[in-house]
Amino acid sequence: MNVEVLLEEIISFIGIYYILTAGLNVKAGMTGIPDFGHAMFFAVGGIVVGNLSARIAAAAAASQLHVSAWQAVKMVISNNTELMARVNEILPHMPGVSIIIILFSVIAALILGGLLGWLASYPALRLRGDYLAIMLLAASEGTRIFAMYYKPLMGKTPTVGLTVPNAFGFTGNAGLWSTIFILILALLVYIYAERLYHSPSGRLFRAVRDDEASAEAIGKDIAKVRRDAMIIGSALAALAGVAYSFSPWIAGSSVAAISIFDRVLWTFWPWALMILGGMSSNKGAALSSVILGALLIGPIRIYKNDIAAALHVESLGIDPGNFANALEYILVAALIIIVLFVKPKGLIPEYPSRTVSKDEVKATIDKIARERAA
Amino acid sequence: MAYANQEHEGLQTPQGMEEVILETVNLIKRFGGITALNKVNIKLRKGKITLLIGPNGSGKTTLVNVISGFIKPDGGKVIFKGRDITLLPPHERVKMGLVRTFQIPRPFPNLTVLENVLAAAEGNPGENPYIAGVYKGAWINYERKALEKALSILDWVGLIAKWDDKAGDLSGGQLKLLEIARAIMKGADTIIMDEPAAGVNPRLVTDLFQKIIKLAREQHVTFLIIEHRIGLVAKYMDYAYAMNMGEVIAEGKPDDVLNNPLVLESYLGG
């Protein structure tokens, strides 16, 4: 495997999973909403790119395809594979349109992801704990089935889905530049999430998680707080979906309902990363994404067959191919168990929200002591 | 006492001391076949400390829950500052200055002591998450003011040394102090306390009630205090109500209420 491609895959894995986990962390870690339907919000990003952004690309390329813009837009669903193959030949020559598509995808995903989060927050206001968790999981699965068979949304064939526009083709090195794009998104999300954490809002999210009745007793509108957390966390998940759709993993092929709604990849993996890093800890989410990205994509995915061969699993009656494919799950599960035994609160446990620095607090305490003495 | 400078709206005139600030009118609450509150009428006067006693199951905590909005009554009204608040949600009542504490203290256990108090600040622009994560300038000035107030209050209740400890690590008595600190931070002018002395060692109880008296006398904060350890606290009270079986059976000066034969009987019989 080419080193450059490997690095691109590792970095985009880290970026996508960090954004996704940061979103889950706002909902589940900080605010205590057990969102087991996180994949549903991630899928919004894939739908935005595969369905909406592709229509912009088709409309822009229509004149060169000798059809009207309206016809081209309709063909995004009716004749997706053929149309998008030709659109993706034209798009690299249209850098302006490509950049508009990228910006549109980011903004539309944030808005639509936030909207879906807002909708999902209604049951989140009425249900608690296990009931809410199972409701969100069911909503995510139900939406997946709907998306698979509702053709105007994800195309005619559930397993094929919609071809994504090759929006990074104009750069000449789509793999490199889409990786840089994901890295920039992840850094922006990190800065935002860290600022949110160290703000009165972050403190309020954590307060509502700790004790709702107590938060109500000091005048907090907990319904609004939970709604805000659902909107922000879901918008970030949709952003991760956009990052994934443009990533070297997809590399201009297609997004399908069965892959973007995958509960293992987009709900359970971020949960695992969040728990591994430390519930509610934004730094922890970043660290666990980096560790897993470097560990999983590099050594495990490349050497999994060699590891399976070296362990002679066939002597235990296990098929080496199956074992190799399951290896990443086995190792991640083992890693979580070991880390939680040694550090039950995760790699970087939850830290206080420093709205002002510790030094400034100490200086203020000294000032008050002086005033009292005077 | 730095925070003594804070303004309590409408409480600046000493002439208004006898004014009724909170009143319940014929409150009724039933749980299944049990009538927990049966036409309960009480009045809290501004700047006074009112005691509410009664044996277990007499309806005291239900009354607190109805007044603070945590449960809806089946009949009757709660009037606060001249306004009917019977149907207002708890957080709206808090905005009007009516704050409660819990029988078992309920801090935010994973937040530090300082965070617990700061979280009580009202109207913090930084609690809008869409702005807070992007532009710190929108809230930092407000937060600095809140920080100074919070630290003064922590200094006053005697928890300043613990400011960076997790609230979950405090002792029972310290948690009660933290609840008072949060209520003061909230700018409450009416505080309802459900058994503030329960589980607190007697010396801390004296300390706690001296703080309560100071708030009542100097800041004209109104208190309704539910208490079982009557002997410890009666001397601090201005007025008392006794409840039994969901009804008010006696009211008046604390000593008179405590010596009322009906009250003695309810405790012995209960």
Side-chain angles (χ1 to χ4, degrees), chain A residues 26 30-31 114 189 191-225 227-229 231-232 235 279-280 345 349-356 358 360-369 371-372, chain B residues 1-2 68-70 89-95 99-102 105-112 114-116 118-122 124-136 139-140 142-144 146-148 151-152 154-155 160-161 163-164 166-168 179 182-183 185-186 188:
Chain A
V26 170
M30 291 170 74
T31 318
V189 169
I191 293 167
Y192 170 76
E194 201 60 12
R195 281 182 165 212
L196 181 69
Y197 191 94
H198 290 296
S199 79
S201 289
R203 183 173 65 213
L204 179 58
F205 285 152
R206 292 163 55 232
V208 167
R209 173 205 61 196
D210 269 11
D211 194 323
E212 280 181 18
S214 189
E216 255 193 313
I218 55 165
K220 304 304 176 189
D221 186 348
I222 54 168
K224 187 179 171 299
V225 174
R227 191 159 58 226
D228 287 342
I231 290 172
I232 291 173
M279 291 285 277
S280 167
K345 292 191 164 177
E350 179 174 7
Y351 36 94
S353 298
R354 301 272 181 225
T355 52
V356 291
K358 209 171 168 175
E360 195 180 329
V361 175
K362 283 180 182 159
T364 314
I365 292 174
D366 290 344
K367 193 179 120 195
I368 289 165
E371 275 171 10
R372 193 181 41 187
Chain B
M1 202 169 57
S68 57
F70 278 72
H91 67 265
E92 297 280 347
R93 299 178 198 221
V94 175
K95 283 195 183 115
V99 173
R100 70 169 293 182
T101 66
F102 294 89
R106 300 182 75 154
F108 307 120
N110 292 304
L111 272 59
T112 65
L114 177 62
E115 284 182 290
N116 264 271
L118 280 173
E122 181 64 54
N124 192 334
E127 289 186 355
N128 179 336
Y130 307 101
I131 296 169
V134 181
Y135 180 51
K136 197 173 178 176
W139 53 266
I140 188 65
Y142 184 99
E143 182 76 7
R144 287 209 167 99
L147 174 75
E148 234 174 89
L151 289 172
S152 304
L154 282 176
D155 186 46
I160 193 75
W163 73 272
D164 211 21
K166 278 195 175 181
E179 292 233 319
R182 290 204 304 193
M185 185 71 193
K186 198 73 244 172

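Reminder, nothing fancy here: chain letters follow the sequence lines and each chain counts from 1.
Only the side chain of A:Leu204 comes within less than 4.5 Å of a heavy atom of chain B; its backbone N, CA, C and O stay farther away. Interface remark: A:Ala213 contributes backbone and side-chain atoms alike to the contact with chain B (heavy atom separation under 4.5 Å). Residue contact with chain A, scored on non-hydrogen atoms closer than 4.5 Å, involves the side chain of B:Phe70 exclusively. There is no contact between A:Ala369 and chain B, counting heavy-atom distances below 4.5 Å. With a 4.5 angstrom heavy-atom cutoff, A:Val225 does not touch chain B via any of its atoms. Proximity to chain A (any heavy atom under 4.5 Å) is restricted, for B:Thr112, to the side chain, taken from C-beta onward. Neither the backbone nor the side chain of B:Ala167 comes within contact range of chain A; no heavy atom of the residue lies under 4.5 Å from a heavy atom of that chain. Proximity to chain A involves both the backbone and the side chain of B:Leu118, based on heavy atoms less than 4.5 angstrom apart. Residue B:Pro105 does not touch chain A at all, counting heavy-atom pairs closer than 4.5 Å. Contact annotation for B:Asn124: only side-chain heavy atoms (C-beta onward) come within less than 4.5 Å of a heavy atom of chain A.
Between A:Arg195 and B:Val134, every side-chain heavy-atom pair lies at or beyond the 4.5 Å cut-off. Contact annotation: the side chain of B:His91 never approaches that of A:Ile222 to less than 4.5 Å [non-hydrogen atoms, C-beta and beyond].
Interatomic distance, CG of A:Asp228 versus CG of B:Asn128, reported as 7.0 Å (0.5 Å rounding). With rounding to the nearest 0.5 Å, the separation of NZ in A:Lys367 from CG in B:Leu151 is 10.0 Å. The line from OG of A:Ser353 to CD of B:Glu115 is 4.5 Å long, rounded to the nearest 0.5 Å. In this structure, CD in A:Glu216 is found 9.5 Å from OG in B:Ser68, a value given to the nearest 0.5 Å.
Of the possible donor and acceptor atoms, none in the side chain of A:Asp211 sits under 3.5 Å from a partner among the backbone N and O of B:Phe108. Side-chain atoms of B:Arg106 do not come within 3.5 Å of backbone N or O of A:Ser214 as any donor-acceptor pair.
Among the candidates B:Lys166, B:Arg144, B:Arg93, the residue making the largest number of heavy-atom pairs closer than 4.5 Å to chain A is B:Arg144. Between chain A and the residues B:Lys95, B:Arg182, B:Arg100, the most heavy-atom pairs under 4.5 angstrom are made by B:Arg182. Counting heavy-atom pairs closer than 4.5 Å to chain B, the top-ranked of the candidates A:Thr364, A:Val208, A:Val361 is A:Val361. Taking chain A as the reference chain and counting heavy-atom pairs below 4.5 Å, the highest number among B:Phe102, B:Trp163, B:Tyr142 is found for B:Trp163. Per-residue heavy-atom pair counts under 4.5 Å with chain A were compared for B:Ile140, B:Asp164, B:Asn116, and the maximum is reached by B:Asp164.
Summarising the geometry of B:Pro129 relative to A:Ile232, their closest heavy-atom pair is CB-CD1, 3.4 Å, with the distance given to 0.1 Å. The shortest non-hydrogen separation linking A:Ser201 to B:Glu127 is OG-C, 3.2 Å. Counting all heavy atoms, side chain and backbone alike, B:Ala121 lies closest to A:Lys220 at O-NZ, 3.1 Å. Across every non-hydrogen atom of A:Arg209 and B:Leu111, the tightest pair is NH2-CD1, 4.4 Å. Between B:Ala119 and A:Ile218, the shortest heavy-atom contact is O-CD1, 3.7 Å.
Applying the 6.0 Å contact sphere to OH of B:Tyr130 captures more than 12 heavy atoms from other residues, nucleotides or ligands.
Taking A:Arg227 as the reference, nothing meets the side chain to side chain donor-acceptor pair (under 3.5 Å) condition, with sequence neighbours excluded.
The residue from B:Leu114, B:Leu154, B:Ile160 that alone fulfils the side-chain contact (heavy atoms from CB on, under 4.5 Å) condition with A:Ile365 is B:Ile160.
Side chain to side chain, A:Thr355 and B:Glu143 meet the donor-acceptor criterion of an N or O pair below 3.5 Å.
Evaluation of the ring pair (Phe, Tyr, Trp, His ring centres under 6.0 Å) test over residues 198-225 of chain A, restricted to residues two or more places apart or in two chains, returns A:His198-A:Tyr351.
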